[in-house]
Every structure is written in structure tokens, then in C-alpha cells.
Amino acid sequence: MSKVHAAITAVNGYVPDYILTNKELESMVETNDEWIVSRTGIKERRLLKGEGLATSDLAVPAVKGLLEKRGISAEDIELIIFCTSTPDMLFPATANILADKIGAKNAWGYDLQAACSGFLFGLTTGAQFIESGKHKKVLVVGADKMSSVVNYTDRNTCILFGDGCGAVLLEPDTEGNGLQDSLLKTDGSGGQFLNIKGGGSLHPASHQTVEAGLHYAYQEGRTVFKFAVTNMAEVAAEVMERNNLTSKDIAWLVPHQANKRIINATAERVGLPEEKVMINIHKYGNTTSATIPMCLWEWEDKLKKGDNLILAAFGGGFTWGSVYLKWAY
């Protein structure tokens, strides 16, 4: 009997309409377009505006479009893994809110929080349910409304983040396509350099936590940058080496879109030219859990069955990892 792999059989994404340009940021904080582009590669980002809108509202159009593409109903979904750092609420899980909004009556689900590496952690987790034979249709969603946790008076962080969603459907494959290998890592000592301190059991919401700005994303840029440049590149190279892959074997590198310089360092480490690297950071900024599936969504028409893809991410906590995937359609 041929081995069952978990293959991506559909992908879709969604970004809100509102575009926050570098020019507009110049009127909010002391920065300028040249400075932002030269250090990050970001020209604009999308924000979800409107009363009562949350992360699940980014996921609904992305997932509905995915179901339509695949020609299946929401009731066919058996499991939803919702990867996010900005859940609608602490509980219920945003996976459950999404299931209710789209009518996925037969699905169970949960949220997975691994910062910017969330989608890779969710993809690898979802694959286990497919490979074991437990489920046939697993939805993995990466979505974040980062504008809800960004301080737009802090020029170190407000230039980086945007809102968006990417989602994939995992199904069994016996032709050798799908998820081949993964390498995931964490180092909790890095938590002090990239975090949101407020709102959890350590610093429950109070006047003091709000006044101290503890509910905003905090980043010590230089430390995070150094760690990310080295580790995201190394883990991608290690996955390739242990699967006897050279740069010639790889159709695409799909890196987390945190910083253009980190993307370039990863591509250089694995020996891939820019034309084989998915890059959309200039349009969307860092959408955290959504960056990798949003890349797959934008490049879907360029992907061919059997293409070797290397996915790589780095996030707060610290979390990082790489996945080797064979495209299935």
C-alpha cells in the first residue's frame, strides 16, 4: 500500500481593502518611505477597518473562496486548525467562531499560537491527522489582524505589520505529493525580545496594563533580526540537506514575509535566486501567520504538480521551522 501524504489540494487568501502606505505613516510617526523600504522592503500594508470586525472576518472570505475552488461544502470539513496571534477572543477559539460563520457543522477545531511560525506548526499538525487516516479534509488557516495589537505611535513596530488571511485544505495523497518533511524549533528564552505582555494570566487587563502599553506588540528589533537571519536560513538548509535536495531541485522558496533582508539571507543560504523566491512583503507587510499561505495563494497559477517547495518561518517566542512540500496539483 502506498504511503499517505497530506497534500494541499486548494489554497485561497483575503486581504482587506484599506491600504496603509509609507506616505501615510510619515504623517503618524517620525519615519520616511526610503528608510522603511531600505530596512524592511515594505511599501504598504492592508488594514481591516470597521466596527466589530475581527480576525475571523478575514478568514471567512478566504475560506469560502477556497471551498468554492475545491467544489466542496463547509460541511465536508472535519477539522479546522486556526493559526493566529490575534484571536477574536481568548475563548471561544477563533476556529469555532469561523466554523459557525461558514456553517462547518461537522468540524471540530482549535487555535494554534506560534506567532509568525504558526502556519507551519499548523500545517505539520494537520498533516498528522491526514497521514494517520483519522481525517480526510483538514482546513489550516493562517490569519492575523495585527492592526489590533500595533501601537501606531511606535515607529519600530507600526511600519512592519498588516492584516490578512491565507488558508489551505489538506487531503490524503498516495502519488507521493504533499508534505514530505518538517523541522520545527522553539526557544522560550527569546520571548523577552518579541512579545505582547498584557492580556494573559501574568498581566491581566487593567488600567495599569493599558496605560503601560502592555497590550501592544513589543519587539527588540536588532536581537530578533540577528536570530531570525541565522535560524530561518539554517533550518531551511537543514531540511534540504536531509532530503538530499540541492537548489536545482527546488521550484520555489516560500519564506515568511517579516523583512526583505531576512528573506534574502535565507535564499542565499539555500542557493536560490530571487526569481525562485515568493515575495509579497512590499504589498502586505508582515501578516504574521498569514504570510506563507498568502504567498501560495498569489503564486498558485505558477505552481505545477510535483514542484518541490521549501517553506520557512521565524516568529516570536522564539519559534522557527521549515517544511518540505511537493505541490499536488
Side-chain angles (χ1 to χ4, degrees), residues 10-21 24 44-70 72-77 79-116 118-119 122-123 126 138-152 157-158 160-169 196 199 205 215-217 257 280 283-298:
V11 60
N12 204 41
Y14 172 79
V15 288
D17 295 331
Y18 186 88
I19 298 172
L20 176 62
T21 63
E24 190 178 342
E44 54 189 46
R45 61 295 288 145
R46 301 296 185 99
L47 305 188
L48 182 64
K49 297 267 194 178
E51 199 63 41
L53 295 176
T55 300
S56 64
D57 296 298
L58 294 164
V60 168
V63 172
K64 282 185 172 174
L66 177 147
L67 296 171
E68 206 172 294
K69 272 186 188 177
R70 189 71 185 110
I72 62 170
S73 139
E75 293 184 11
D76 295 322
I77 302 296
L79 166 62
I80 299 172
I81 301 175
F82 202 117
C83 314
T84 186
S85 295
T86 54
D88 288 19
M89 313 175 214
L90 279 178
F91 64 85
T94 313
N96 301 354
I97 295 168
L98 174 66
D100 181 54
K101 285 182 175 180
I102 63 171
K105 294 188 173 77
N106 299 313
W108 67 287
Y110 57 90
D111 292 357
L112 190 152
Q113 212 283 66
C116 299
F119 179 75
L123 192 66
V138 174
L139 183 66
V140 183
V141 180
D144 272 293
K145 186 189 175 187
M146 289 304 291
S147 60
S148 66
V149 293
V150 165
N151 178 358
Y152 285 96
T157 54
C158 74
L160 300 172
F161 296 103
D163 303 339
C165 175
V168 301
L169 181 67
I196 296 174
H215 300 270
Y216 291 128
Q257 311 286 304
N280 60 16
K283 294 194 289 188
Y284 305 128
N286 181 352
T287 54
T288 312
S289 297
T291 67
I292 288 176
M294 276 172 57
C295 279
L296 295 174
W297 164 52
E298 286 211 310

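The figures that follow rest on heavy atoms only: side chains count, while hydrogens, waters and symmetry mates do not.
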Quiz item: Hey, are Thr84 and Asp144 close enough side-chain-wise for a donor-acceptor pair under 3.5 Å?
Solution: yes
Quiz prompt | Inter-residue atom distance Asp57.CG - Leu48.CG, 0.5 Å rounding | solution = 6.5 Å
Quiz item: Any side-chain heavy atom of Leu79 sitting closer than 4.5 Å to one from Trp108?
Solution: yes
Quiz prompt | Straight-line distance of Asn96 CG to Phe82 CZ, nearest 0.5 Å | solution = 11.0 Å
Quiz item: Looking only at heavy atoms, what is the nearest atom pair of Val140 and Cys83, with distance?
Solution: CG1-SG, 4.0 Å
Self-check item: Flag side-chain contact, heavy atom, 4.5 Å: Met294 against Val15
Solution: yes
Quiz item: More than 12 non-hydrogen atoms from neighbouring residues, nucleotides or ligands closer than 6.0 Å to NZ on Lys69, yes or no?
Solution: yes
Exercise. Please lay out, stage by stage, how Leu169 and Ile72 fare under the test side-chain contact (heavy atoms from CB on, under 4.5 Å).
Key: CA-CA 11 Å; Leu169 181 67; Ile72 62 170; 3.8 Å; yes
Quiz item: With a 4.5 Å limit on heavy-atom distance, are the side chains of Glu298 and Lys283 in contact?
Solution: yes
Practice problem: Using atom types as modelled and distance alone, determine if a side-chain donor or acceptor of Arg46 lies under 3.5 Å from a backbone N or O of Gly162. | Solution: no
Quiz item: Rounded to the nearest 0.5 Å, how far does CZ of Arg45 lie from OG1 of Thr287?
Solution: 12.0 Å
Quiz prompt | Distance in Å, Lys49 NZ paired with Ser147 OG, rounded so as to fall on 0.5 Å steps | solution = 7.5 Å
Exercise. Considering non-hydrogen atoms only, spot the tightest contact between Asn12 and Pro61 and give its length.
Key: ND2-O, 3.8 Å
Exercise. Show your reasoning for whether side-chain contact (heavy atoms from CB on, under 4.5 Å) applies to Tyr216 and Thr157.
Key: CA-CA 9 Å; Tyr216 291 128; Thr157 54; over 6 Å; no
Quiz item: Looking at Ala59 and Cys165, what are the two nearest heavy atoms and their distance?
Solution: CA-SG, 3.6 Å
Quiz item: Does Lys145 pair with Asp88 as a salt bridge, N-O distance under 4.0 Å?
Solution: no
Quiz item: Below 4.5 Å, heavy atoms only, C-beta onward: do Asn280 and Trp297 meet side chain to side chain?
Solution: no
Quiz item: How long is the gap from CG on Asp17 to CG on Leu47, to the nearest 0.5 Å?
Solution: 11.5 Å
Exercise. Kindly determine whether Val63 and Ile77 satisfy side-chain contact (heavy atoms from CB on, under 4.5 Å), including the steps that lead there.
Key: CA-CA 11 Å; Val63 172; Ile77 302 296; over 6 Å; no
Quiz item: Does any non-hydrogen side-chain atom of Gln257 lie less than 4.5 Å from one of Tyr284?
Solution: no
Practice problem: Locate the shortest heavy-atom distance separating Asp111 from Ala95; write the atom from each residue and the value. | Solution: OD1-N, 2.9 Å
Practice problem: Please say whether more than 12 non-hydrogen atoms of neighbouring residues, nucleotides or ligands are located less than 6.0 Å from NZ in Lys101. | Solution: yes
Practice problem: Among Asp163, Thr94, Thr55, find the residue that satisfies the side chain to side chain donor-acceptor pair (under 3.5 Å) test when tested with Thr86. | Solution: Thr55
Quiz prompt | Nearest heavy-atom neighbours spanning Ser289 and Ala143 | solution = CB-N, 4.0 Å
Quiz item: For the residue pair Pro293 and Ala167, what are the closest heavy atoms and their distance?
Solution: CB-N, 4.0 Å
Practice problem: Could you grab the distance from atom OG of Ser73 to atom NZ of Lys105, nearest 0.5 Å is fine? | Solution: 8.5 Å
Quiz prompt | Donor-acceptor contact below 3.5 Å, side chain Asp100 vs main chain Ile97 | solution = no
